[in-house]
Amino acid sequence: MKEHEKTISPKKTTGEKSSSLSLDFIRAIIAQDKTNNKHGARVHTRFPPEPNGYLHIGHAKSICLNFGIAEENEGGLCNLRFDDTNPSKEDQEYIDSILEDVRWLGFDWGDRLFYASDYFEKLYDFAVHLIKKSRAYVCDLSPEEIRQYRGTLTEPGKDSPYRNRSVEENIDLFTRMRAGEFPDGSRVLRARIDMKSPNINMRDPVLYRILRATHHRTGNQWCIYPMYDFTHPVSDSLEGITHSICTLEFEDHRPLYDWSLNELDIFRSRQIEFARLNLTYTVMSKRKLLDLVEEGFVSSWDDPRMPTISGLRRRGYTPEAIRDFCDRIGVAKNDSMVDIALLEHCIREDLNMKAQRRMAVLNPLKVVIDNYPAEKTEEFVIRNHPGNPLMGSRPVPFSRTLYIEQEDFMEDPPKKFFRLSPGVEVRLRGAYFITCDRVLKDENTGEILELHCTYDPDTRGGDSPDGRKVKGTIHWVSAPHSIEAEVRLYDRLFTVENPCGEKEERDFKTYLNPESMDIVSSCRIEPSLKNAASGESFQFERLGYFCVDSKDSSGEHLVFNRTVTLRDSWAKIERSSEAREKIVK
RNA sequence: UGGGGGAUCGUUCAACGGUAGGACAGCGGACUCUGACUCCGUCAAUCUAGGUUCAAAUCCUAGUCCCCCAGCCA
């Protein structure tokens with residue numbers, strides 16, 4: 001093995017928890033419950049998505065938390081349950097995508113795939129039970145009236161005139177609601193709690209509404225549907241969920257959650273709330289993401305710029321990187337905004353280890369090696385990973401005509417430019433040292449058309465026998481052997497860190513980054529990439545990590561997505577010198 | 001101006017009366033056949049004001065600021 005091919009030592013396993021000696025507050029509660037032998041020290045969580053959109057990286061945080069906790073605890077379980085109580089917004093397409101995404105992230109719900117709609121009959125019986133206890137009543141107020149009767153944040157509400165109907169009348173009315181005797185929105189079933197409660201959720205919340213919509217699972221079997229606040233505690237309880245973990249905005253609903261379990265006198269699940277994930281330069285609500293899809297700002301839910309699981313997957317993110325990210329961001333109750341640079345760090349770290357190296361030229365500049373025989377072709381065997389010999393090597397053809405990156409040549413280079421320029425010698429990665437002799441330009445435009453260089457045959461393989469050093473090593477492809485590809489360069493979706501929280505309250509879409517996707521259609525890539533598999537990831541040396549697009553790439557038309565750039569200290573130098581120039585001006 | 005939450009380096013998580021620590025980002029350097037990776041160094045924080053204590057991020061009191069709630073959405 002050559003000196004420069006030293007093996008990288010296996011890094012610490014990503015995602016390991018050993019680094020965090022302290023438990024987050026939820027795991028601390030669970031550990032406490034176990035030592036107290038609560039529920040027989042059983043740990044059972046659930047992930048309860050509503051199938052009204054695709055899962056995003058924020059959901060991944062919840063998935064990793066819920067399934068992670070189950071995995072960490074001996075005998076622990078995590079259910080996957082669809083919270084499908086609003087047929088007007090939900091769809092089978094979303095169910096399919098959610099199933100695929102959770103599985104892809106690496107989690108297993110075993111035989112515990114549930115639907116809240118499976119409990120509709122039981123939920124109905126529980127509602128009847130509340131009526132019989134005088135804890136629920138049918139209310140004929142219109143939606144508008146209900147709002148008025150509810151009061152405001154500072155004023156108490158007042159009792160509905162229907163609040164004191166007899167049990168018999170309520171049973172009769174509720175039965176007829178189910179039977180479809182009343183029009184949509186004409187009546188609701190409400191809990192009978194306290195219209196003067198300072199917590200608005202306790203002011204006789206609606207338990208059931210009349211809604212004629214075809215449900216994706218129960219069809220037209222029902223015309224009344226239970227509300228989240230009633231469905232959720234009951235579903236958790238029926239499944240024996242010990243710890244029901246949800247986001248902060250449900251904190252105010254916890255008294256109602258507890259009220260339901262208490263009045264029904266069924267298994268007491270405990271709701272615990274944590275802060276949802278926010279990421280810089282993107283949005284994280286299903287409504288806003290749906291907006292972007294429907295208005296065509298992105299191609300689909302799995303557009304590689306989307307923070308959805310399917311978008312990240314198509315972009316080239318791995319489940320390991322996403323899980324590592326979720327471990328690193330932690331779990332707490334502070335509203336937070338995580339720097340997307342952390343996500344990028346996680347994928348770089350994972351792909352650095354896993355991705356084979358290739359050479360690809362995004363913006364080709366023709367180079368002719370004048371002293372290289374015109375008909376000659378040779379093959380260099382180049383390692384697929386400089387630090388890992390186990391990843392093998394591949395032949396890379398070389399000839400008299402090459403392409404290099406336009407950015408790698410400057411006729412009049414600044415101080416620290418270590419690449420090719422007239423009279424300067426650089427190394428072609430894995431091949432030869434070359435020196436630039438001549439620059440051919442378009443007479444009219446001044447555009448650089450091609451470079452003429454000479455090579456040193458003694459530097460074959462990239463090392464000079466006389467110990468001569470070069471400052472730069474650049475990537476290349478042999479022009480006649482290279483193949484064409486389309487490369488899509490992705491950047492952040494928005495131009496500002498928090499598109500929803502800017503001082504001037506513009507629509508978040510006005511902050512969309514017009515340069516979030518740059519399609520480069522005539523890239524030249526090395527021939528070994530010809531048979532790259534759909535979704536496969538590579539490092540294009542000196543450029544970044546790229547994967548074969550799973551939708552648009554084919555044998556005839558290769559399409560690569562840029563997952564993330566390499567860290568680029570040259571770009572940093574350029575930026576700071578530009579900044580200096582501005583100051584001078 | 002009701003109720004429920006939250007305030008620790010730029011960001012994020014920790015420290016649970018006893019040295020404010022990690023990660024990411026930043027900056028500087030070493031190494032380098034990827035200006036990558038790796039390594040080393042460095043910058044940098046307890047919302048404010050009182051109080052208790054030998055000792056306070058942590059306990060007490062009073063403020064300040066931020067987030068959530070008035071869907072027949074979840």
Side-chain angles (χ1 to χ4, degrees), chain A residues 2-6 8-9 11 19-22 24 28 48-50 52 83 85-86 88-89 139 141-143 146-147 150-157 184-190 197-203 205-211 225 227-229 231-232 246-255 273 275 280 286-287 328-339 341-346 348-349 352-353 357 359 382 386-387 416-419 427-431 461-463 470-475 497 539-544 565-573:
Chain A
K2 290 179 191 166
E3 170 62 26
H4 68 267
E5 292 176 338
K6 50 180 178 276
I8 51 164
S9 54
K11 286 205 55 186
S19 55
S20 52
L21 293 161
S22 60
D24 62 66
E50 184 190 10
N52 66 343
D83 221 330
T85 57
N86 185 0
S88 62
K89 287 184 178 172
C139 181
L141 255 24
S142 70
I146 286 189
R147 196 182 321 135
R150 188 155 33 221
T152 67
L153 293 178
T154 50
E155 303 156 33
D184 284 11
S186 60
R187 286 185 163 87
V188 292
L189 183 75
R190 300 175 73 175
S197 171
N199 180 348
I200 290 180
N201 295 301
M202 299 299 269
R203 320 239 261 230
V206 172
L207 265 22
Y208 268 87
R209 76 280 214 186
I210 303 172
L211 177 64
Y225 290 94
M227 302 288 290
Y228 166 87
D229 280 319
T231 308
H232 212 82
C246 63
T247 42
L248 250 28
E249 67 270 26
F250 293 104
E251 235 162 354
D252 284 348
H253 296 239
R254 193 179 345 122
E273 311 85 10
T280 55
K286 283 194 272 190
R287 207 214 87 231
R328 288 173 184 250
I329 57 177
V331 179
K333 298 191 74 161
N334 309 335
D335 292 309
S336 63
M337 172 78 71
V338 175
D339 190 342
L342 181 60
L343 218 209
E344 293 176 345
H345 169 82
C346 292
R348 283 193 188 105
E349 188 171 87
N352 177 46
M353 202 161 51
R357 313 286 125 127
M359 289 195 284
I382 298 181
K416 289 178 186 160
F417 188 82
F418 298 149
R419 310 174 189 181
R427 172 167 37 235
L428 294 175
R429 173 113 237 235
D463 283 310
V470 284
K471 281 290 227 181
T473 299
I474 62 175
H475 60 277
E497 284 199 354
Q539 185 196 94
F540 290 173
E541 293 212 28
R542 305 207 305 130
L543 297 174
T565 61
L566 257 28
R567 289 186 72 214
D568 188 350
S569 52
W570 169 243
K572 219 175 284 175
I573 293 169

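So that the names make sense, note that chain A is the first sequence line, chain B the second, and so on, each numbered from 1. Scope of the values below: all heavy atoms of this structure, side chains included, with no hydrogens, waters or symmetry mates.
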Report the nucleotide, chosen from [options], that has the shortest atom-to-atom distance to any side-chain atom of [X].
X        : options             : value
A/Met337 : B/G3, B/C67, B/U12  : B/U12
A/Ser336 : B/U34, B/C13, B/C73 : B/C13
A/Met227 : B/G35, B/C24, B/C72 : B/C72
A/Arg429 : B/U34, B/C24, B/A74 : B/U34
A/Thr152 : B/C69, B/C73, B/A70 : B/A70
A/Ala341 : B/G3, B/A23, B/A25  : B/A25

Can you tell me the base-pairing partner of [N]? Count Watson-Crick or G-U wobble geometry only, both distances below 3.5 Å, and say none if there is no partner.
N     : value
B/A36 : none
B/U8  : none
B/G18 : B/C54
B/U61 : B/A49
B/A70 : none
B/G26 : B/U42

Under 4.0 Å, counting only non-hydrogen atoms across every strand here, what does [X] touch: a base, just sugar-phosphate, or nothing?
X        : answer
A/Leu153 : base
A/Thr247 : nothing
A/Glu344 : nothing
A/Phe540 : nothing
A/Val188 : base
A/Tyr225 : nothing
A/Leu343 : nothing

Between the base of [N] and the side chain of [X], is there a donor-acceptor distance below 3.5 Å?
X        : N     : value
A/Arg419 : B/G35 : yes
A/Asp568 : B/G35 : no
A/Arg357 : B/U34 : yes

Using the [atom1] atoms only, state how far [M] lies from [N], rounded to an integer number of Å.
N     : M     : atom1 : answer
B/U53 : B/G17 : C1'   : 9 Å
B/G22 : B/A74 : P     : 46 Å
B/U19 : B/A15 : C1'   : 11 Å
B/C47 : B/A7  : P     : 9 Å
B/U1  : B/A62 : P     : 15 Å
B/G6  : B/C73 : P     : 30 Å
B/C9  : B/A14 : P     : 13 Å

Would you please confirm or rule out a distance under 4.0 Å between OP1 or OP2 of [N] and any side-chain N or O of [X]?
X        : N     : result
A/Arg147 : B/G71 : yes
A/His475 : B/U34 : no
A/Arg348 : B/C24 : no
A/Thr85  : B/A74 : yes
A/Lys572 : B/C27 : yes
A/Arg209 : B/A74 : yes
A/Asn334 : B/A7  : yes
A/Ser22  : B/C16 : no
A/Arg567 : B/C37 : yes

Please step through side-chain contact (heavy atoms from CB on, under 4.5 Å) for the pair A/Leu207 and A/Met227, ending with a clear verdict. CA-CA 5 Å; A/Leu207 265 22; A/Met227 302 288 290; 5.6 Å; no
Could you state the [atom1]-[atom2] distance from [X] to [N], rounded to the nearest angstrom?
X        : N     : atom1 : atom2 : answer
A/Ile573 : B/G35 : CD1   : P     : 11 Å
A/Glu251 : B/C68 : CD    : C1'   : 8 Å
A/Asp252 : B/G6  : CG    : C1'   : 13 Å
A/Asp24  : B/G22 : CG    : C1'   : 16 Å
A/Leu248 : B/C66 : CG    : C1'   : 12 Å
A/Arg254 : B/C68 : CZ    : P     : 18 Å
A/Arg203 : B/G71 : CZ    : C1'   : 15 Å
A/Leu543 : B/C37 : CG    : C1'   : 16 Å

Judged by each residue's nearest nucleotide on RNA chain B, which is more toward the 5′ side, A/Val331 or A/Gly151? A/Val331
Start at the 5' end of RNA chain B and walk down; is the nucleotide closest to A/Ala332 or to A/Thr154 reached first? A/Thr154
Is_stacked (A/Tyr228, B/A74) at 5.5 Å, 30 deg: no
Salt bridge flag under 4.0 Å for residues A/Lys89 and A/Glu50: no
Within 90° of 0 counts as syn, otherwise anti: where does B/G10 fall? anti
With rounding to the nearest 0.5 angstrom, report the [atom1] to [atom2] distance, [X] to [Y].
X        : Y        : atom1 : atom2 : answer
A/Arg190 : A/Leu141 : CZ    : CG    : 6.5 Å
A/Arg542 : A/Met359 : CZ    : CE    : 10.5 Å
A/Asn199 : A/Asp252 : CG    : CG    : 5.5 Å

Check for a donor-acceptor pair, side chain of A/Arg429 on one end and backbone N or O of A/Gly462 on the other, with a separation under 3.5 Å. no
Closer than 3.5 angstrom, by distance alone: can the side chain of A/Arg203 be matched with the main-chain N or O of A/Arg150 as a donor-acceptor pair? yes
Can A/Leu428 and A/Ile474 be said to form a side-chain contact (heavy atoms from CB on, under 4.5 Å), step by step? CA-CA 5 Å; A/Leu428 294 175; A/Ile474 62 175; 3.9 Å; yes
Would you check if A/Ser186 and A/Ile210 make a side-chain contact, meaning some heavy-atom pair closer than 4.5 Å? yes
Mind running side-chain contact (heavy atoms from CB on, under 4.5 Å) on A/Leu566 and A/Gln539 for me, showing each step along the way? CA-CA 9 Å; A/Leu566 257 28; A/Gln539 185 196 94; 3.8 Å; yes
